[in-house]
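Computation of the quantities below employed the complete heavy-atom set of this structure, encompassing side-chain atoms and omitting hydrogens, waters and symmetry-equivalent molecules. Just so it is clear, the model here is predicted, and its values are computed rather than measured. Within every chain, numbering begins at 1; the chains are lettered A, B, ... in the order of the sequence lines, protein sequences first and strands thereafter.
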There are 2 protein chains.
Amino acid sequence: MQHEAPIKLTVDAVVFGYAKNDGVSLLLVQRAYEPFKNEWALPGGFVLAEEKLETAVERELKEETGIHVNYLEQLYTFGDPNRDPRQHVVSVAYFGLVKSSAYLQLKASTDASDARWFPIKKLPSLAFDHKKIVQLAIERLKMKVRYQPIGFELLDKKFPFSDLEKLYAALLDKELNRRNFSKKILSYGFLEETGELAKPEGRGRPSMIYRFNQKRYNELIKEGYHFEI
Amino acid sequence: MQHEAPIKLTVDAVVFGYAKNDGVSLLLVQRAYEPFKNEWALPGGFVLAEEKLETAVERELKEETGIHVNYLEQLYTFGDPNRDPRQHVVSVAYFGLVKSSAYLQLKASTDASDARWFPIKKLPSLAFDHKKIVQLAIERLKMKVRYQPIGFELLDKKFPFSDLEKLYAALLDKELNRRNFSKKILSYGFLEETGELAKPEGRGRPSMIYRFNQKRYNELIKEGYHFEI
DNA sequence: TCAAAAGTGTTTCACTTACACCCATGA
DNA sequence: TCATGGGTGTAAGTGAAACACTTTTGA
């Protein structure tokens, strides 16, 4: 057993963003070195000694993309001995979400650079086993959005109601009855009207602007409430 | 950075069993060495070079307890730098279930030895951060039992309907309306009557014996079915 | 023959679903 | 003034919850 290469530990981040035009998108970076040089991959890298896993993810995201996520949870740990051609590398994958504003920011600052958003319907081929990781993350996102208010992490603090509707339609991948969607989600009581109206784009009545009330949501959870779309 | 101790990787197994008298129980081992010598801990240990994580879990379980689980899924990865007093050890925790028969077997074979079942309502204090791991696993078990048929992994192939009822009452930690429970779970169609009757214990009408039809369940899942208690 | 445990029929109520209609805006 | 997108009221259908009753067993 002596002199065997020890198992290495990395983290990878599957970060989703949302914009009305692109739909749900995934943050990818282009690899600068072998293996898989020039291919697209998840942001991530080795965990430093004495470093927390979450810290490692946030550090790598900052370094490689400049992005700060406002939601982060652990996804799954991938440990197949040959997922990295060089040696046994175990990777703890995280699942992150950014608000629309951060989404647009990256788009502006790194145009033609090595970090980019890809709509999840048009993903390039990916390095390592990252395709598998991404698939799992997408499943998780689609499942989770149904019973936890993570949809709001993809929208700005204030958002037109119609955006929320479009986001859910995109995530659940089906058209939903407008009437029933609004009745249901408003009935929970954690959405607040701001009183503002969206400025109309093209024609049609402008949508009302809402805000997610995290405090109210936490109270409801304490009361044993359980929301589901 | 040279000469820093590399991060070590371990696996831990949170294995649950069920018996009518003890309720839901957790499999623990008594540590033979420092640190935490003689304290109770989750079965587990270091991942070998080129070893899959699941293989490592199953190997450690076999070595330390002789138990073979019939359900195993990854739970969470714990990576806090100081969760082990010796050095930075990252542990991938798994969540396992064994059927009643295996449960009773361990009870018989290792009586007064170093592996034992503890009812989850009467757990001893645990080594490392294992208490936290166990809490997460219990939450997962309670959540998951509501929308996935993992309850059957804790019962034998054939079981009296009343056992299923008691198991669910124990897991959900509330009394449930007998009439409605049976109507609901039987309506899904993945439970089969065997035609047998349980031999009565004490007085009262003997319960009918059922069997979980995994094939039928898989079909239902494919059809987009989604069960929930 | 009685208490205990298990099995079953039916009504009530709440919530989802579906449908229809009204309102505000730009072209 | 009309097409488009957004907001709202309500009837019909479906399924869970509650309740009451029957059956089978050992004491």
Rounded to whole Å, how long is the line connecting atom [atom1] of [X] with atom [atom2] of [N]?
X	N	atom1	atom2	answer
B:K20	C:dA6	NZ	C1'	13 Å
B:L186	D:dA16	CG	P	13 Å
A:E175	D:dG5	CD	P	13 Å
B:F181	C:dA6	CZ	P	13 Å

Is the distance between the ring centroids of A:F36 and A:F128 less than 6.0 Å?
yes
Side-chain polar contacts of residues 222-229 of chain A - donor-acceptor pairs under 3.5 angstrom, sequence neighbours left out - could you list them?
unit_1 : atom_1 : unit_2 : atom_2 : d
A:H226 : NE2    : A:E228 : OE1    : 3.4

Just compare C:dG7, C:dT25, D:dG5 and give me whichever is closest to any side-chain atom of A:P206.
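Side chain of A:P206 sits closest to C:dT25.
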Pairs meeting criterion side chain to side chain donor-acceptor pair (under 3.5 Å) with involvement of residues 150-161 of chain B, two or more places apart:
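Checked against side chain to side chain donor-acceptor pair (under 3.5 Å) - neighbours excluded - the pairs reaching residues 150-161 of chain B are B:N70-B:E153, B:S101-B:D156, B:K158-B:E196.
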Show every side chain to side chain donor-acceptor pair (under 3.5 Å) that has at least one partner inside residues 123-134 of chain A, sequence neighbours left out.
A:R83-A:D129
side-chain hydrogen bond (donor to acceptor under 3.5 Å, both in side chains) partners of B:R59, counting only residues at least two apart:
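In terms of side-chain hydrogen bond (donor to acceptor under 3.5 Å, both in side chains), with neighbours along the sequence ignored, B:R59 is linked to B:E51, B:E63.
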With sequence neighbours excluded, tell me which residues meet side-chain hydrogen bond (donor to acceptor under 3.5 Å, both in side chains) with B:R146.
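For B:R146, no residue satisfies side-chain hydrogen bond (donor to acceptor under 3.5 Å, both in side chains) once neighbours in sequence are set aside.
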Residues within residues 151-173 of chain A bordering DNA chain C, heavy-atom distance below 4.0 Å
none
Which of residues 190-204 of chain B have a heavy atom under 4.0 Å from DNA chain C?
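The stretch gives B:R203, B:G204 as the residues lying under 4.0 Å from the strand, ordered by number.
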Once each nucleotide of nucleotides 11-21 of chain C is scored for protein heavy atoms under 4.0 Å, what B/S/- sequence comes out, 5' to 3'?
-----SBBB--
Set of ring pair (Phe, Tyr, Trp, His ring centres under 6.0 Å) partners for B:F159, sequence neighbours left out:
B:F152
Quick one: salt bridge (charged side-chain N to carboxylate O under 4.0 Å, His left out) partners of B:E73, sequence neighbours excluded?
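Checked B:E73 against salt bridge (charged side-chain N to carboxylate O under 4.0 Å, His left out); matches are B:R140, B:K144.
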Sort and list the pairs that fulfil salt bridge (charged side-chain N to carboxylate O under 4.0 Å, His left out) and have at least one residue in residues 182-193 of chain A, not counting sequence neighbours.
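Non-adjacent pairs meeting salt bridge (charged side-chain N to carboxylate O under 4.0 Å, His left out): A:E192-A:R211.
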Any side-chain N or O of B:S182 below 4.0 angstrom from OP1/OP2 of C:dT8?
no
Please lay out, stage by stage, how B:Q74 and B:T77 fare under the test side-chain contact (heavy atoms from CB on, under 4.5 Å).
CA-CA 9 Å; B:Q74 196 181 295; B:T77 299; 4.1 Å; yes
For residues 198-206 of chain B, tabulate all N or O donor-acceptor pairs below 3.5 Å that involve a side-chain atom, not counting sequence neighbours.
unit_1 : atom_1 : unit_2 : atom_2 : d
B:E201 : OE2    : B:K20  : NZ     : 2.9

